Every structure is written in C-alpha cells, then in structure tokens.
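Nothing here was measured: the structure is a model prediction, and the numbers come from that model.
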Amino acid sequence: RLKSDWNIDKRTFKQGSVIVGKFEEILSGKKNFDLFIEPTEYSSVQGISRTKNYLLVNMLENVVSKLYRFSFEKGKWSKKEISLGDKGNLSVASTDEERDDFFVNYENFLTPSALYLVSAETMKIEKIKSMPEFFDSSSYKVMQFSAISKDGTKVPYFVIMRKDCNFDGKNPTLLYGYGGFEIALRPSYLSIVGVAWLDKGGVYAVANIRGGGEFGPKWHQAALKKNRHKAFEDFIAVAEDLIKRKITSPEKLGIMGGSNGGLLVGSVSMMRPDLFKAVVCQVPLLDMRRYSKLLAGASWIDEYGDPDDPEMWEYIRTYSPYHNVKKDVKYPKIFFTTSTRDDRVHPGHARKMTAKMKDMGHEVYYYENTEGGHAGAANNQQRAYMTALSYSFLYLQLMGEERR
C-alpha cells in the first residue's frame, strides 16, 4: 500500500495504490509487481483482510464504506461487493485463514454499531448483535453534498436532518470538522447528537475536509505545513454551502471541533467571524508559536511545521488563533473547554486565548475539568456534564427563546 508514487522498472504505481507480487520473488529481491487496486480521486483503501480463499478489501468511496470480496482464478482477480447498508461505515472485525466466514462491524449515522457474520463463499449475511438505539431515527434522513473550496477542490460533507426539514435558512445547524493527521471522519452512530441536538430540532453536518484521510495520503498531504490553510478554506466552503442551500444562515450556524479540530474552529472563527454564531472549541491548539514547546507538541512538527523556523512562522502566524484575535472585531460566542490533566494539548492554549479575548472585551465562555487527560473527562459522569454544557451553550445561542 503506497504512501507516495513509486517509479520502478519504467512503471509508475500511484500514491494510495495496492500492488501485488509473488512472495518467493519478493524475498529473492525481484521487483515484479502488478497493480491490484488503484483508488480514484475520491476513494481510498481502508483495510485488507484474508480468509481461506478470498481477500476482503474495505474501500472508502466518497466517504462511504464499501466491502469487496476478491478471488484469484486463472491468473485474474475478480470482485463482488458485500453490501450491508447505505451511507455507512464498516470494518472487518475478525477473519480466519482456515475458513471463509468472517465478522464485520457496521454502523451509520442513524444505525447503531452491529456485528454481522458473513460467508465470503455464499455472501450470506447474518446479524449477530447490535448496540442499543438511543433515539428514534425514523424521522431523520442523511444527505451528502459537496462544496467547492477556494482552489476549486470538491469537498464532500454529510447533513443529518428531519425528513420534513424546510430549506428556509432558519434551521439551527451544528457543523463538525477535524481535518488532520490522516484521520477520516466516517459515518458513525450519532447517539449523543441524536438526543442532545437532532431531537431538539437541530441539523447536524460533518465536513470531510483536506488534512484528513478520507481519500488516502494525498488528501492528508494536501493540507500539511504551508498548505494548512487548505483545511480552513475547505471548512469555510462547507459553511458557505450550507448557507447557500438555505439549510441554515450565519445567525443559526454553530461549529464544533476538538484538539486539531479545536485549532480548525478557532482559526476559522478568527478568519470569518461573520459566518458563525457559536463556536465550541474543545481541548484546542491555539497558540501556534509555542505549540511545539508544550507536552506532545514537538511530535506534530511534520503536520504543522516548525514555528522556530522564521520562514515557517511567518506562514503559521497567518492562521494561529491566538495571534489573530483583534479587539475591534465582533466574534461569534466561543465556548472553550479543556482539562487540567491534558497530557497532549496543554490547557495553556485555551487558558491564554480566553484571557486574551476577555482582556479585549469579548464575551467568551470557559470550562476546565481537573481530570480526564486529552479526552477532557475521566468518567461517564464527567463526560455527560461537559457534553451537556456544550449543547446547552449551542442550544441557547442558536435556538434561543423560540425553542425553550
């Protein structure tokens, strides 16, 4: 599985491709490889597993999981799709190289995670066990749209809303994003969001911006170091597209992100304060001048670049939230959350940003849990409390008196 293009024997195997060769020849040093899978611009290989007679390939195609069964007969590969549902996310949980039965986990935004037993030979699918449902999903639908970023790149995003939702610009909408470290935001069951937001009348959106791993290494590398602004431009484009489609409006749009996603929402709220009404910024990076000096920060230089390099810092400072907040700008209401015991992103990021904004006269909200590490909570009770604070803040800012 190639992280970059590979030129070999006058052939080029493209980044993200899977190539195959005979085991004995590889061990002897020969480089006789053939192409097995070459992903398209908007697909990537998420995993490969083996049963007794088949290969199982988990593909992400436009951010939706597809599972294929490959067989090798008469010198050729053939494939068949094993379908478990629509707009979902799956993973092969267990295989055995002595048999063709295997287990798969599957979920989507409205369906809780379930374990299935699948026969690779007959394609028979049997549901074994499922997690409980936490809200009635029958009145909701999942839609997928694309926004066009500043440089013309198509950026997909999901929207989860009521089936009778009107596109009138009046829907309280929460947009979530991450965009870093080759982590893909795939469809996952909205147990908390369903109860805390959808059932209260809200719309939920997930942006699959560059920096993540939705479309393989190239999607991640497109937003590294001096291209970091691509992730921010993608997120802004999704926000603008939600408004253009009249799903929501700036007065009804909130954003949320944590860790690298906290940097994301912190940066875009400084860049485009006119687009958002409320921001939940969780365990965030915000002072990008000193991030590499704090806790695990030095390990992220390959992602963001080294701020001690003067040329790199001149770029980083253009988006560092702490260095771009201004006194005479009206910002959306921001709720910062962090943990005293965060051993990855130092709580100093959120503390300093809150103090600076307050000194400038901006109205901000802040909560610091004394336990919990980078997760921000040490147990379910603490997690529930912090989650309730976040959604209460969003509820009051985006729904207001009319929904009380």
Side-chain angles (χ1 to χ4, degrees), residues 1-4 15-16 39 41-48 58-66 87-92 105 107-109 113 144 147 149 153 155-158 174-193 204-225 227-235 237-238 255-268 280-286 288 291 295-305 319 342-345 349 373-376:
R1 297 171 63 181
L2 302 179
K3 289 286 187 179
S4 58
Q15 180 185 53
E41 184 180 3
Y42 289 98
S43 69
S44 63
V45 178
Q46 295 294 299
I48 299 177
N58 184 3
M59 298 286 295
L60 202 61
E61 298 180 1
N62 202 26
V63 206
V64 173
S65 288
K66 302 284 187 181
K87 293 186 178 66
N89 171 37
L90 61 82
S91 60
V92 176
N105 283 318
E107 64 183 312
N108 60 32
F109 290 113
S113 177
Q144 190 177 29
S149 194
T153 299
V155 182
Y157 66 96
F158 292 100
L174 175 60
L175 173 60
Y176 184 84
Y178 186 77
F181 298 93
E182 206 172 337
I183 295 173
L185 293 186
R186 295 179 284 186
S188 60
Y189 184 56
L190 300 175
S191 54
I192 294 174
V193 174
Y204 187 70
V206 179
N208 301 112
I209 63 178
R210 281 175 286 185
E214 284 84 350
F215 305 122
K218 65 181 182 296
W219 199 248
H220 171 229
Q221 294 167 14
L224 286 179
K225 295 184 177 178
N227 287 321
R228 201 75 205 169
H229 62 283
K230 300 291 186 183
F232 308 136
E233 290 172 358
D234 289 359
F235 195 74
V238 171
I255 55 177
M256 177 187 284
S259 191
N260 174 75
L263 169 62
L264 168 69
V265 298
S267 294
V268 298
V280 178
C281 188
Q282 303 163 316
V283 290
L285 288 92
L286 295 167
M288 296 305 288
Y291 87 87
L295 300 178
S299 65
W300 307 326
I301 287 176
D302 283 345
E303 185 81 11
Y304 303 118
Y319 71 80
D342 192 336
D343 58 356
R344 294 189 62 76
V345 178
H349 285 276
H374 194 43

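- The side-chain heavy atoms of Phe235 and Leu175, taken from C-beta on, include a pair separated by under 4.5 Å.
- Looking at every heavy atom in both residues, Ser299 comes nearest to Ala296 through OG-O, 2.6 Å.
- Side chain of Arg228 to main chain of Ala223: a donor-acceptor pair is present (N/O by atom type, distance under 3.5 Å, no hydrogens or angles).
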Test log, rule side-chain contact (heavy atoms from CB on, under 4.5 Å), inputs Leu264 and Ile209: CA-CA 11 Å; Leu264 168 69; Ile209 63 178; 3.8 Å; yes

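- Atoms NE2 and OG, on His229 and Ser267 in that order, are 12.5 Å from each other to the nearest 0.5 Å.
- Judged as a salt bridge (charged side-chain N to carboxylate O under 4.0 Å, His left out), and not counting sequence neighbours, Glu61 has no contacts.
- Of the possible donor and acceptor atoms, one in the side chain of Asn260 sits under 3.5 Å from a partner among the backbone N and O of Tyr178.
- Between the side chain of Asp234 and the backbone N or O of Arg210, at least one donor-acceptor pair lies under 3.5 Å.
- Gly213 and Ser44 get closest at one heavy-atom pair: O-OG, 4.0 Å.
- In this view, Ala147 and Tyr157, Ala237, Val238, Asp241 satisfy the side chain to side chain contact (heavy atoms under 4.5 Å, CB included) rule, not counting sequence neighbours.
- Scanning for side chain to side chain contact (heavy atoms under 4.5 Å, CB included) contacts around Ala184 gives Leu60, Arg186, Glu214, with sequence neighbours left out.
- Using a 4.5 Å cut-off on side-chain heavy atoms (C-beta onward), Tyr319 and Met288 make contact.
- Counting only heavy atoms from C-beta outward, the side chains of Asn89 and Ser65 approach each other to under 4.5 Å.
- Of all heavy-atom pairs spanning Val265 and Gly257, the tightest one is CG1-N, 3.8 Å.
- Looking at heavy atoms from C-beta onward, Glu303 lies in side-chain contact with His220 at the 4.5 angstrom threshold.
- The closest donor-acceptor contact from the side chain of Gln144 to the backbone of Phe158 lies at 3.5 Å or more, if one exists at all.
- Ser191 pairs by the side chain to side chain contact (heavy atoms under 4.5 Å, CB included) definition with Phe134, Tyr189, not counting sequence neighbours.
- Nearest heavy atoms, Asp342 versus Leu295: O-CD1, 3.1 Å.
- Residues Leu224 and Tyr304 are not in side-chain contact: their nearest non-hydrogen atoms beyond the backbone lie 4.5 Å or more apart.
- Counting only distance, with no hydrogens or angles, the side chain of Ser43 and the backbone of Pro39 share no donor-acceptor pair below 3.5 Å.
- At least one side-chain heavy atom of Tyr176 sits less than 4.5 Å from a side-chain heavy atom of Leu185.
- The two residues Val64 and Lys87 have their closest heavy-atom pair at CG1-CA, 3.8 Å.
- Asn108 meets the side chain to side chain contact (heavy atoms under 4.5 Å, CB included) test with Tyr106, Leu110, Thr111; sequence neighbours excluded.
- A donor-acceptor pair under 3.5 Å links the side-chain atoms of Asn58 to the main chain of Leu90, judged by distance alone.
- Distance alone, capped at 3.5 Å, places no donor-acceptor pair between the Trp300 side chain and the Gly305 backbone.
- Taking the salt bridge (charged side-chain N to carboxylate O under 4.0 Å, His left out) definition, one finds that Lys230 meets it with Asp151, sequence neighbours left out.
- Residues Ile301 and Tyr291 are in side-chain contact: their nearest non-hydrogen atoms beyond the backbone lie under 4.5 Å apart.
- Proximity of Asn227 to Lys225: side-chain heavy atoms (C-beta onward) are nowhere separated by under 4.5 Å.
- Panel note: side chain His349, backbone Leu286; a donor-acceptor pair is recorded below 3.5 Å.
- When only modelled atom types and interatomic distance are considered, Ser259 and Arg344 share no side-chain donor-acceptor pair under 3.5 Å.
- Atom NZ of Lys218 sits about 11.5 Å away from atom NZ of Lys3, to the nearest 0.5 Å.
- To the nearest 0.5 Å, atoms OH (Tyr42) and CG (Asn62) are separated by 8.5 Å.
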